Amino acid sequence: MNEIITANGIEYTAQNVSTGINTISFTLNDPAADAEAAFRNVKALTVGDEKGTGYGLYPDVEFESLTINADASVTITMHIPTKMERQIRELQVSQAEQDEVIAELYGGGAQ
């Protein structure tokens, strides 16, 4: 059964969509010339059927890997961050912002 993966506003026809522990994987039927580049910066994706009915929403994903199969199809695996991974990412962003403000206060800006 074909499924439709939508990422960055582009629809891809896929098969073998499966979720695992903190991952979603799918095989592209007609892979883009550079499938890795197409999915490297994807931060969210949806899964639906060929009739346009969506049934999977993944609002926070990160590119994990690409596998070229023997039949020349491509399998993409996206990582679904855990709650703790999301919290750490948010803390890192917050810390970087604080460091920048402190540098400006004490040194007149980062050098």
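What you see is a predicted model, and the numbers here were worked out from it, not measured in a lab. Scope of the values below: all heavy atoms of this structure, side chains included, with no hydrogens, waters or symmetry mates.
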Subject >> Worked verdict on E97 versus V93 for side chain to side chain contact (heavy atoms under 4.5 Å, CB included) >> reply: CA-CA 6 Å; E97 291 169 351; V93 168; 3.7 Å; yes
Original post:
Quick one: OG on S65 to CD on E36, what's the gap to the nearest 0.5 Å?
Top reply: 9.5 Å
Subject >> Spacing of CD belonging to E104 relative to CD1 belonging to I102, to within rounding of 0.5 Å >> reply: 11.0 Å
Subject >> Minimum heavy-atom distance between P81 and R86, given as atom pair plus value >> reply: O-NH1, 2.8 Å
Original post:
Got a second to check how far I80's CD1 is from M78's CE, nearest 0.5 Å?
Top reply: 9.5 Å
Subject >> Beyond-backbone contact of T46 with I5, side-chain heavy atoms, under 4.5 angstrom >> reply: no
Original post:
Under the criterion side-chain contact (heavy atoms from CB on, under 4.5 Å), which of D34, L28, V74 is the partner of L66?
Top reply: V74
**OP:** State the CG-OG1 distance between N2 and T13, to the nearest 0.5 angstrom.
**Re:** 6.0 Å
Original post:
So, do E62 and E64 sit near enough that their side-chain heavy atoms are less than 4.5 Å apart?
Top reply: no
Original post:
Does the side chain of Y55 come within less than 4.5 Å of D49's, by heavy atoms?
Top reply: yes
Subject >> Over 12 foreign heavy atoms within 6.0 Å of CE, M1 >> reply: yes
Subject >> No-hydrogen, no-angle side-chain donor-acceptor test under 3.5 Å, T75 and N69 >> reply: yes
Subject >> N8 side chain to I10 backbone, donor-acceptor under 3.5 Å >> reply: no
**OP:** Using a 4.5 Å cut-off on heavy atoms from C-beta on, say whether the side chain of F26 contacts that of Q15.
**Re:** no
**OP:** Give a yes or no on whether the ring-centroid distance for Y12 and F39 is below 6.0 angstrom.
**Re:** yes
Original post:
If you measure from NE2 on H79 to CG on D60, what distance do you get to the nearest 0.5 Å?
Top reply: 9.0 Å
**OP:** Grab the two heavy atoms, one from E50 and one from I4, that are nearest each other, plus how far apart they are.
**Re:** CA-CG1, 4.1 Å
**OP:** Taking all non-hydrogen atoms of both residues into account, name the closest pair between P59 and A44 and its distance.
**Re:** O-CB, 3.6 Å
Subject >> From I76 atom CD1 to R40 atom CZ, the distance as rounded to the nearest 0.5 Å >> reply: 9.5 Å
Subject >> L57 atom CG, over 12 foreign heavy atoms within 6.0 Å >> reply: yes
